[in-house]
**Q** 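The structure that follows is given in the form of C-alpha cells.
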2 protein chains.
Amino acid sequence: MTERTHLPASGIAEKLARGDVFSEACPSRQILQHITSRWGVLVLVALSGGTHRFAELRRKVSGVSEKMLAQTLRALETDGLVDRTAFPVVPPHVEYSLTPLGREAAIRVEALVDWIEDNLDDLQAARAEAEPAAVL
Amino acid sequence: MTERTHLPASGIAEKLARGDVFSEACPSRQILQHITSRWGVLVLVALSGGTHRFAELRRKVSGVSEKMLAQTLRALETDGLVDRTAFPVVPPHVEYSLTPLGREAAIRVEALVDWIEDNLDDLQAARAEAEPAAVL
DNA sequence: GTTCATACTTACCTTTTTGTAGGTACTTTC
DNA sequence: GAAAGTACCTACAAAAAGGTAAGTATGAAC
C-alpha cells in the first residue's frame, strides 16, 4: 500500500531516486506543471531561440500580460531552468536565457510544440470527425 | 502588422499551413493547452502504456477526480487523440486508448515527463540554489 | 426487492489562475 | 519641468479550473 514517491531511503537509493508523476505527492508534479503551464511552454520555446529581454518576450508571446510573464519567469528561474541577468543601468536592462537544464527541458517542449504546429491540419480534421461518435 | 496565424489563403497554402503557437489566435494554442493540461499530460502518458478502462485510469493517475478525468478524456477524444470504445453491456464497460495521432503526441509528452523524472534530483538542487540570486 | 457495480453527469461551492489598472524608480529627451 | 522608457510589483476583480457529493441506468447477485 505504501507507494514510493520520491523518498530516498538510504545510501545508494538517494542517487538513484527517480520521480514518478503518477504519484500525487511527488515533487515532479509541480515541476511538470511549471513547465507545461500556459505561458511556461511558450516562454521556454521563445528562450530556446536565444536570450531575450522582458519586453521582447512580451511581444513574442502574444497575449501574455506583464504580470503573468513576470510570474512565469520567476517560477522557471526558481526551478533552475531560466537564468536572469540584470544590468544595473537606467533604464533597467534585464536579460533572460535558458540554463543548461532549461535547454534540456526546452528541447522536449519544442518537440511537442513543433509536432502540434506541423500537424495542425490533421488535428483539426480529427476534431471535426470525432464529435458524433459514441457507439453506446 | 497583419500576422499570419492559421488562415489558409488559397490553393497550395492550404496544404502547407502550419500553426504558430506564438499567435494568440492560432488554434494550435488550444490543442497545446489540452495536451499540456494538468491531467491531460498524465492521461496521455498512462494511455501510452496501453488501453485502460475509466476506473483503471483513475487509479493510475492519482489525485484526479471522476469529473476531471471524464472532462479530460472528452477533450482529448474531441481533439482526435484518444479513442473511446464503449461495450453495450451491464455494468458498463468502456475502453480508452490512443489514436495514431494520440500516440504521436504521447511520445513527445512522455519524453518530457521521463526527462523530468530522471532529472528530479538536479532540478530540486537547482531550485535550492536559484533562490538567493539577483545581481542587481 | 434491495444491494452492488460501472461509467459517467450534474449542481454547487472553493480554489487557483489570470487580467486590469495603477504605481515605482531613475534618467534621458524635449 | 513634463513626458517617456524599462522592468517590474501590488491590489482588486473576474474567470477558469477543480473538488465533493449526489444522482442515473441497467441487470445480476443475494
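A quick note: this is a predicted structure, and the numbers were derived from the prediction, not measured. First the proteins, then the strands, lettered A, B, ... as listed; each starts at 1.
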**Q** On the nucleotide D:dA7, are OP1 or OP2 found under 4.0 Å from the side-chain N or O atoms that A:R58 carries?
**A** no
**Q** May I have the step-by-step check of side-chain contact (heavy atoms from CB on, under 4.5 Å) for B:M68 and B:S37, ending in yes or no?
**A** CA-CA 11 Å; B:M68 288 315 298; B:S37 69; over 6 Å; no
**Q** The side chain of A:A55 lies closest to which of these nucleotides: D:dA11, D:dA7, C:dT9?
**A** D:dA7
**Q** Could you check how far CZ of A:F87 sits from C1' of D:dT6, rounded to whole Å?
**A** 14 Å
**Q** Of the listed nucleotides (C:dT6, D:dG27, C:dC26), which one gets closest to any side-chain atom of B:V90?
**A** D:dG27
**Q** Measure from CG on A:L73 to C1' on D:dA7 and round the result to the nearest Å.
**A** 11 Å
**Q** Using heavy atoms to find the nearest nucleotide of DNA chain C for A:Q33 and B:H93 separately, return the residue whose nucleotide is more 5′.
**A** B:H93
**Q** Nearest whole Å is fine: how far is D:dA17 C1' from B:Q30 CD?
**A** 16 Å
**Q** Following the transitive rule for hydrophobic clusters with a side-chain heavy-atom cut-off under 4.5 Å over Ile, Leu, Val, Met, Phe, Trp and Tyr, establish whether B:V41 and A:W115 coincide in one cluster.
**A** yes
**Q** May I ask you to evaluate whether A:R53 reaches the phosphate of D:dT6, defined as a side-chain N or O under 4.0 Å from OP1 or OP2?
**A** no
**Q** Can you figure out which of D:dT20, D:dA7, C:dT27 approaches the side chain of A:R84 most closely?
**A** D:dA7
**Q** Quick check for you: among C:dC8, C:dA11, C:dG19, whose closest atom lies nearest to any side-chain atom of B:K67?
**A** C:dA11
**Q** Rounded to the nearest Å, what distance is computed from the CD atom of residue B:E66 to the C1' atom of nucleotide D:dG23?
**A** 12 Å
**Q** Taking only the side-chain nitrogens and oxygens of B:R74, find out if one of them lies under 4.0 Å from OP1 or OP2 of C:dC8.
**A** no
**Q** Tell me: NE2 of A:H52 to P of D:dT6, nearest whole Å?
**A** 15 Å
**Q** Is the distance from OP1 or OP2 of D:dA17 to the nearest side-chain N or O of B:R38 less than 4.0 Å?
**A** no
**Q** Nearest-Å distance, CD (A:E77) to P (D:dA7)?
**A** 15 Å
**Q** Tell me which nucleotide among D:dA7, C:dT18, C:dT6 gets nearest to the side chain of B:P91.
**A** C:dT6
**Q** Between C:dC26, D:dG18, C:dG19, which nucleotide has the shortest distance from any of its atoms to the side chain of B:W39?
**A** D:dG18
**Q** Quick one: is B:R59 getting a side-chain N or O under 4.0 Å of the C:dT6 phosphate, OP1 or OP2?
**A** no
**Q** Mind listing the closest non-hydrogen atom pair of A:A105 and A:I35 along with its distance?
**A** CB-CD1, 4.3 Å
**Q** Are A:L98 and A:V94 linked, directly or through other ILVMFWY residues, by side chains that come within less than 4.5 angstrom of each other?
**A** yes
**Q** Which pair of heavy atoms, one from A:L120 and one from B:G19, lies closest together, and at what distance?
**A** CD1-CA, 3.6 Å
**Q** Please state how far atom CD in B:E95 lies from atom C1' in C:dT6, giving the value in whole angstrom units.
**A** 13 Å
**Q** A:Y96 OH to D:dT6 P: how many Å, rounded?
**A** 14 Å
**Q** Is the A:F54 ring parallel, tilted or perpendicular to the A:Y96 ring (thresholds 30°, 60°)?
**A** tilted
**Q** Nearest of D:dG5, C:dG19, C:dC8 to any side-chain atom of A:M68?
**A** C:dG19
